[in-house]
Amino acid sequence: SGQSRPMRILQFVQSAAAPGDANSAICAVDSYCANVEWAMNVGDKKGQILDAVVLAVRPRWVLELGTYCGYSTMRIARLLPPGARLVTLEMNQHYAQVAKQILGHAGLDTQVDLLVGASSALIPQLKKKFEMETFDLIFIDHWKASYLPDARLLEECGLLAPGTVLLADNVTCPGAPDYLQYVRNSPRYRSEYFPCQLEYLQVEDGMEKSVFLG
Ligand SMILES: Cc1ccc(Cc2cc(O)c(O)c(C(=O)NC/C=C/[C@H]3O[C@@H](n4cnc5c(N)ncnc54)[C@H](O)[C@@H]3O)c2)cc1
Ligand SMILES: [Mg+2]
């Protein structure tokens, strides 16, 4: 049933998760993807690294590149301090529609602004659209070839401040070698690798946390 994997995930969340309960929605996605069909959510193991970074940074402004079904969007939004905002960018209209409904079911749609479009087109509009200056935390989990060009674009748009944290998923699997090489060798970043397993599988992956130095 459900003509797409995101739609099947949404239907399971709607049937299995208590409305307004973000943790039960997160658990529902994890159990569906661990037991029924794999999906490219960050998952619970890497999700706990994401949680720890969100809690450490206590961000006022968060940007996510690649919403997909909204799994990591929920993990971040549920930990934000009051008044904080999470902007998440998703180029696929169908995925964005599913994510909106999952976020609504979890009761997290008030903290989240989900924009439909390509990051390269939306990033230059963010300052003006949200009347903000810089992001405190950026979670990068979209097409791996876009990690580096989008990090460069964020720099050029003046959306990074000294101390801004960039957290990138999948730097080992599928991998983002050009992005890794850049953040690990640029004097503008202090980078740290968190080894972890790929979501729902026994495959080596890792997340890279890079602090922008200005
Ligand atoms: C070899 C191999 C294959 C797959 C895996 C498994 C694996 C594990 C993972 O955690 C992964 O994150 C991925 C992965 O490919 N993620 C890509 C995620 C894209 C989402 O982001 C959206 N999007 C893509 N580019 C943009 C863009 N510019 N602007 C706005 N949205 C964009 C898309 O519309 C999707 O919603 C894959 C592991 C190993
Ligand atoms: Mg990922």
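In each ligand, atom 1 is the first atom listed, and ligand 1 is the first ligand listed.
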Could you tell me the separation between the [atom1] atom of [X] and the [atom2] atom of [Y], rounded to the nearest 0.5 Å?
X: D141; Y: S146; atom1: CG; atom2: OG; answer: 12.0 Å
X: D113; Y: L126; atom1: CG; atom2: CG; answer: 10.0 Å
X: L103; Y: Y71; atom1: CG; atom2: OH; answer: 13.5 Å
X: H105; Y: S15; atom1: NE2; atom2: OG; answer: 8.0 Å

Measure the distance from [atom] to every protein heavy atom, then report the residue, atom name and distance (to 0.1 Å) of the closest one.
atom: atom 8 (C) of ligand 1; value: E199 OE2, 3.1 Å
atom: atom 21 (O) of ligand 1; value: G66 CA, 3.4 Å
atom: atom 7 (C) of ligand 1; value: W38 CH2, 3.6 Å
atom: atom 39 (C) of ligand 1; value: C173 SG, 3.5 Å
atom: atom 18 (C) of ligand 1; value: D141 O, 3.4 Å
atom: atom 25 (N) of ligand 1; value: W143 CD1, 3.0 Å

Should you measure from each heavy atom of [X], which atoms of ligand 1 turn up under 4.0 Å away?
X: D169; value: 10 (O)
X: G117; value: 29 (N), 30 (C)
X: A118; value: 29 (N)
X: Y68; value: 36 (O)

Between [options], which one has a non-hydrogen atom sitting closest to [atom]?
atom: atom 29 (N) of ligand 1; options: P174, S119, S120, A176; result: S119
atom: atom 22 (C) of ligand 1; options: K46, K144, E90; result: E90
atom: atom 23 (N) of ligand 1; options: Q93, M40, M91; result: M91

Query raised in the report: Is there a donor in the side chain of Y189 and an acceptor in the side chain of E155, or the other way round, less than 3.5 Å apart?
Result: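 The criterion, which ignores hydrogens and geometry beyond distance, is satisfied for E155 and Y189.
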Query raised in the report: Do Q197 and E204 meet the criterion of a side-chain donor-acceptor pair at a distance under 3.5 Å?
Result: no
Report task. Assess whether salt bridge (Lys or Arg N to Asp or Glu O under 4.0 Å) is satisfied between D44 and R75, documenting all intermediate values. Result -> CA-CA 9 Å; D44 193 53; R75 290 199 76 111; 2.9 Å; yes
Query raised in the report: Does the protein put a heavy atom under 4.0 Å from atom 13 (C) of ligand 1?
Result: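 So far as the 4.0 Å threshold goes, atom 13 (C) of ligand 1 is in reach of a protein heavy atom.
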Query raised in the report: What protein atoms of element N, O or S are positioned under 2.8 Å from the Mg ion (ligand 2)?
Result: D141 OD1, D169 OD2, N170 OD1
With a heavy-atom distance limit of 4.0 Å, tell me whether [X] approaches ligand 1 through its side chain, its backbone, both, or neither.
X: Y147; result: neither
X: Y95; result: side chain
X: N170; result: side chain
X: L65; result: neither

**Report entry** Stepwise ring-ring contact (aromatic ring centres under 6.0 Å, His included) check, H142 with Y68
**Finding:** CA-CA 8 Å; H142 57 342; Y68 189 44; over 10 Å; no
Report task. May I ask you to check if R184 and Y193 form a cation-pi contact, with NZ or CZ under 6.0 angstrom from the six-membered ring centre and within 45° of the axis? Result ->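 So R184 does make the cation-pi contact.
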May I ask you to say whether [X] pairs ionically with [Y], meaning some side-chain N is under 4.0 Å from a carboxylate O?
X: D109; Y: K100; value: no
X: D169; Y: K144; value: no
X: D136; Y: R58; value: no

**Report entry** Heavy-atom side-chain proximity of R85 to V62 below 4.5 angstrom
**Finding:**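 Heavy-atom side-chain distance check fails, nothing below 4.5 Å.
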Requested in this report: Report yes if the side chains of E90 and L115 come closer than 4.5 Å at any heavy-atom pair, otherwise no.
Outcome: no
Report task. Mark yes when over 12 heavy atoms from residues, nucleotides or ligands other than K127 sit less than 6.0 Å from its NZ; otherwise mark no. Result -> yes
Query - Any N/O pair S146/ligand 1 closer than 3.5 Å - result: no
